[in-house]
Colleague: 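Handing you a structure now.
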Amino acid sequence: MLHINHLSMVYQKAKIAIPALNDVTFNVEKGEFIGIIGKSGSGKSTLLNLVGGLDRPSGGEIIFLGKDLAKMSRYELALHRRHSVGMIFQSFNLIASLTALNNVVLPLTFAGINKKKRKQTARELLEQVGLSDRTDHLPTELSGGETQRVAIARALANEPSMLLADEPTGNLDSITAREIIGLLQDLNKNKGITVLLVTHDQETAEEISDHIIRLKDGQIVDGEDRKR
């Protein structure tokens with residue numbers, strides 16, 4: 001499903017080159033749950049941003065469902081973000097002025113879904129993540145866990161093939177974090193959605209992942225199959 005071949009990423013700050021990824025190669029099969037772990041600055045988030053089409057690599061290939069993201073136009077990358085992947089962030093990134101329902105409706109609007117259908121779909125997704133009674137609440141009226149569930153519902157809106165979760169439990173207490181991880185596991189196991197999870201929590205990643213990718217200074221230091 002995803003083939004990363006000799007991927008590199010170098011950021012330019014003033015006249016200084018800052019390497020973020022260096023010769024990273026790995027594969028992800030459909031339906032896998034992949035844990036990506038490493039210390040801050042190891043390249044985890046950079047890797048997820050590249051797979052999500054938010055950045056372009058400095059070198060190498062990102063073959064997603066047979067197409068190389070590195071060669072896509074800006075328009076093609078926008079379509080990739082809209083339809084192929086769903087992104088979940090540590091900081092939630094909901095629009096504060098929109099209700100939970102309308103935050104989930106937003107990507108469906110960009111996808112050209114008619115008004116009646118997109119509201120119906122958004123309600124179904126919020127029910128799926130356990131928030132059918134919070135549809136008209138603003139993000140400021142929700143707990144951290146509820147806010148992240150809205151973000152997950154939004155990420156699922158256009159039926160992506162892969163979820164990219166960047167420290168989705170980083171701002172949550174331990175009990176709520178386990179609930180969010182359980183939801184991601186359920187989506188992976190029962191809905192067949194491929195998940196790439198970036199986390200500092202090595203213990204949790206090792207417990208739930210089919211495969212672990214460890215990054216250090218922008219390179220894979222080892223990988224480990226952990227079929228559940």
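Just so it is clear, the values below take in all heavy atoms, side chains as well, and ignore hydrogens, waters and symmetry mates.
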Colleague: Can you tell me if CD on Glu127 sees more than 12 non-hydrogen neighbours from other groups inside 6.0 Å?
Modeller: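 Count not over threshold, so no.
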
Colleague: Could you check whether any side-chain N or O of Arg81 sits under 3.5 Å from a backbone N or O of Gly53, counting only pairs where one atom can act as donor and the other as acceptor?
Modeller: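 Confirmed, Arg81 side chain pairs with Gly53 backbone.
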
Colleague: How about Met1 and Glu29: do any of their side-chain heavy atoms sit closer than 4.5 Å?
Modeller: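 Met1 vs Glu29: side chains apart.
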
Colleague: Does Thr194 reach the side chain of Leu163, with side-chain heavy atoms less than 4.5 Å apart?
Modeller: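 Counting from C-beta outward, Thr194 and Leu163 never come under 4.5 Å.
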
Colleague: Can you establish whether the number of heavy atoms outside Asp217 located under 6.0 Å from its atom CG is more than 12?
Modeller: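 Counting other residues, nucleotides and ligands, CG of Asp217 stays at 12 neighbours or fewer.
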
Colleague: Is a donor on one side and an acceptor on the other found under 3.5 Å between the side chain of Asn171 and the backbone of Gln90?
Modeller: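 Yes, Asn171 side chain to Gln90 backbone: donor-acceptor pair under 3.5 Å.
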
Colleague: Decide yes or no on side-chain contact (heavy atoms from CB on, under 4.5 Å) for Arg123 and Thr135, but give the supporting numbers first.
Modeller: CA-CA 7 Å; Arg123 290 185 187 279; Thr135 57; 3.8 Å; yes

Colleague: Please confirm whether the backbone N or O of Val51 pairs with a side-chain atom of His80, one donor and one acceptor, at under 3.5 Å?
Modeller: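 Yes; judged by distance alone, with no hydrogens or angles, the pair exists.
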
Colleague: Can you tell if the side chain of Glu207 reaches within under 4.5 Å of the side chain of Gln202, non-hydrogen atoms only?
Modeller: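 SC-SC contact between Glu207 and Gln202 ruled out.
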
Colleague: Considering residues, nucleotides and ligands other than Glu141, do more than 12 of their heavy atoms fall under 6.0 Å from its CD?
Modeller: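 Yes - once you tally the heavy atoms of other residues, nucleotides and ligands closer than 6.0 Å, there are more than 12.
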
Colleague: Under the criterion side-chain contact (heavy atoms from CB on, under 4.5 Å), I'd like the reasoning laid out for Asn5 against Ile63: C-alpha separation, chi angles, the key distance, then a yes or no.
Modeller: CA-CA 8 Å; Asn5 299 315; Ile63 310 298; 4.1 Å; yes

Colleague: Are Val85 and Leu106 linked, directly or through other ILVMFWY residues, by side chains that come within less than 4.5 angstrom of each other?
Modeller: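 Looking at the clustering, Leu106 is in a separate group from Val85.
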
Colleague: Hey, could you give me the OG/CG distance between Ser58 and Asn22, rounded to the nearest 0.5 Å?
Modeller: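 Rounded to the nearest 0.5 Å, the OG-CG separation comes to 10.5 Å.
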
Colleague: Group every Ile, Leu, Val, Met, Phe, Trp and Tyr by side-chain heavy-atom contacts under 4.5 Å, then state whether Leu98 and Phe92 land in the same group.
Modeller: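 Cluster IDs for Leu98 and Phe92 differ.
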
Colleague: Please give me the minimum heavy-atom distance between Leu48 and Met87, naming the atom from each residue.
Modeller: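 In terms of heavy atoms, the two residues are closest at O-CE, 4.1 Å.
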
Colleague: Return yes if some donor-acceptor pair links the side-chain N/O of Asp23 with the main-chain N/O of Gln219 below 3.5 Å, else return no.
Modeller: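 Absent.
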
Colleague: Would you name the heavy atoms of Leu50 and Pro57 that are closest together and state the gap between them?
Modeller: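 What the structure gives for the nearest pair is CD2-N, 3.5 Å.
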
Colleague: After noting the C-alpha distance and the side-chain angles of Gln128 and Glu124, does the key distance pass the side-chain hydrogen bond (donor to acceptor under 3.5 Å, both in side chains) rule?
Modeller: CA-CA 6 Å; Gln128 183 178 334; Glu124 290 172 353; over 6 Å; no

Colleague: From Leu187 CG over to Ile152 CD1, what is the distance, rounded to the nearest 0.5 angstrom?
Modeller: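 Reported value, rounded in 0.5 Å steps: 7.0 Å.
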
Colleague: Please examine the side chains of Phe64 and Met162, heavy atoms only from C-beta on, and report whether any two atoms are closer than 4.5 Å.
Modeller: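 Result yes, sub-4.5 Å side-chain heavy-atom pair found.
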
Colleague: Evaluate the side-chain contact (heavy atoms from CB on, under 4.5 Å) criterion for residues Thr99 and His137: first the C-alpha distance (whole Å), next the side-chain angles of each, then the deciding distance (0.1 Å), finally the verdict.
Modeller: CA-CA 5 Å; Thr99 64; His137 287 62; over 6 Å; no

Colleague: Is there a donor-acceptor pair under 3.5 Å between the side chain of Gln148 and the backbone N or O of Pro168?
Modeller: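 Looks like yes, one N/O pair under 3.5 Å.
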
Colleague: Test of understanding: clusters of I, L, V, M, F, W, Y form through side-chain heavy atoms closer than 4.5 Å, transitively. Do Val129 and Leu138 belong to the same one?
Modeller: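 No, no single cluster joins them.
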
Colleague: So does Tyr11 have more than 12 non-hydrogen atoms from other groups sitting under 6.0 Å from OH?
Modeller: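 Enclosed: over 12 neighbouring heavy atoms sit under 6.0 Å from OH of Tyr11.
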
Colleague: Checking His83 against Asn158 for the side-chain hydrogen bond (donor to acceptor under 3.5 Å, both in side chains) test, could you report, in this order, the C-alpha distance in whole Å, the side-chain angles of both residues, the deciding distance, and whether it holds?
Modeller: CA-CA 6 Å; His83 299 292; Asn158 288 318; 5.1 Å; no

Colleague: Distance-only, no hydrogens or angles: does the Arg154 side chain make a donor-acceptor pair with backbone N or O of Gly86 under 3.5 Å?
Modeller: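 No, Arg154 side chain to Gly86 backbone: no donor-acceptor pair under 3.5 Å.
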
Colleague: Is it true that Glu159 and Lys191 have a side-chain N and a carboxylate O under 4.0 angstrom from each other?
Modeller: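 The answer is no: the pair does not qualify as a salt bridge.
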
Colleague: About how many Å separate OG of Ser209 and CD1 of Ile212, when rounded to the nearest 0.5 Å?
Modeller: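 One finds 4.0 Å between CD1 of Ile212 and OG of Ser209.
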
Colleague: Might you point out which heavy atoms bring Val105 and Ala122 nearest each other, and give the distance in Å?
Modeller: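 Shortest heavy-atom separation between Val105 and Ala122 comes out as CG2-CB, 3.6 Å.
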
Colleague: If you define the side chain from C-beta out and look only at heavy atoms, does anything of Ser40 sit under 4.5 Å from His200?
Modeller: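 The answer is yes, as the side chains (C-beta and beyond) meet within the 4.5 Å cut-off.
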
Colleague: How long is the straight-line distance from CD1 of Ile62 back to CG of Leu2, given to the nearest 0.5 Å?
Modeller: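 The CG atom of Leu2 sits 8.0 Å away from the CD1 atom of Ile62.
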
Colleague: More than 12 heavy atoms of other residues, nucleotides or ligands under 6.0 Å from CD of Glu203: yes or no?
Modeller: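 Atom CD in Glu203 is not packed in, count stays at 12 or less.
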
Colleague: Mind running side-chain contact (heavy atoms from CB on, under 4.5 Å) on Val10 and Leu21 for me, showing each step along the way?
Modeller: CA-CA 7 Å; Val10 179; Leu21 291 174; over 6 Å; no

Colleague: Okay, side chain of Lys44, backbone of Gly38: is any donor-acceptor separation there less than 3.5 Å?
Modeller: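 Answer holds: yes.
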
Colleague: Among Ile208, Ile36, Asp166, find the residue that satisfies the side-chain contact (heavy atoms from CB on, under 4.5 Å) test when tested with Leu197.
Modeller: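 Filter result, single survivor: Ile208.
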
Colleague: About how many Å separate CG of Leu172 and CZ of Arg178, when rounded to the nearest 0.5 Å?
Modeller: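 The CZ atom of Arg178 sits 12.5 Å away from the CG atom of Leu172.
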
Colleague: Under 4.5 Å between any side-chain heavy atoms of Thr199 and Thr204, yes or no?
Modeller: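 Sidechains of Thr204 and Thr199: no contact.
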
Colleague: What is the minimum heavy-atom distance between Arg56 and Met9, and which atoms define it?
Modeller: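 Residues Arg56 and Met9, closest heavy atoms: O-SD, 3.1 Å.
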
Colleague: Is there a side-chain hydrogen bond (donor to acceptor under 3.5 Å, both in side chains) between Ser91 and Asn93? Walk through the geometry before answering.
Modeller: CA-CA 6 Å; Ser91 56; Asn93 286 3; 2.9 Å; yes

Colleague: Identify the heavy atoms of Asn103 and Ile95 that sit nearest to each other, and give their distance.
Modeller: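 Closest heavy-atom pair between Asn103 and Ile95: OD1-N, 2.8 Å.
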
Colleague: Are any non-hydrogen side-chain atoms of Arg149 and Glu179 less than 4.5 angstrom apart?
Modeller: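 Contact flag for Arg149/Glu179 side chains = yes.
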
Colleague: Heavy-atom distance under 4.5 Å between the side chains of Leu215 and Leu47, does that happen here?
Modeller: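 A side-chain contact under 4.5 Å exists here.
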
Colleague: When Leu156 is tested against each of Thr121, Ile193, Val104, Ile88 for side-chain contact (heavy atoms from CB on, under 4.5 Å), which residue passes?
Modeller: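 With Leu156 as partner, side-chain contact (heavy atoms from CB on, under 4.5 Å) holds for just one option, Ile193.
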
Colleague: Verify salt bridge (charged side-chain N to carboxylate O under 4.0 Å, His left out) between Lys67 and Glu61, making sure each step is shown before the conclusion.
Modeller: CA-CA 9 Å; Lys67 298 181 179 180; Glu61 298 177 320; over 6 Å; no

Colleague: Do Thr176 and Asp173 pass the side-chain hydrogen bond (donor to acceptor under 3.5 Å, both in side chains) test, and can you show the C-alpha distance, the side-chain angles, and the key distance before you say yes or no?
Modeller: CA-CA 5 Å; Thr176 306; Asp173 63 82; 2.8 Å; yes

Colleague: Between atom NZ of Lys119 and atom CG of Leu108, what is the distance when rounded to the nearest 0.5 Å?
Modeller: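 Answer for the NZ-CG pair, Lys119 versus Leu108, is 12.0 Å.
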
Colleague: In terms of hydrophobic clustering (I, L, V, M, F, W, Y; side-chain heavy atoms under 4.5 Å; direct or indirect links), are Leu77 and Leu65 co-clustered?
Modeller: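 Yes; tracing contacts between hydrophobic side chains, which count when under 4.5 Å, links both residues.
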
Colleague: Do you know the tightest heavy-atom contact between Ala70 and Gly60?
Modeller: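 Minimum heavy-atom separation between Ala70 and Gly60: CB-O, 3.9 Å.
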
Colleague: In this structure, would Leu101 and Ile113 fall into the same cluster of hydrophobic residues linked by side-chain contacts under 4.5 Å?
Modeller: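 No, it is not one cluster - the side chains of Leu101 and Ile113 are not joined through contacts under 4.5 Å.
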
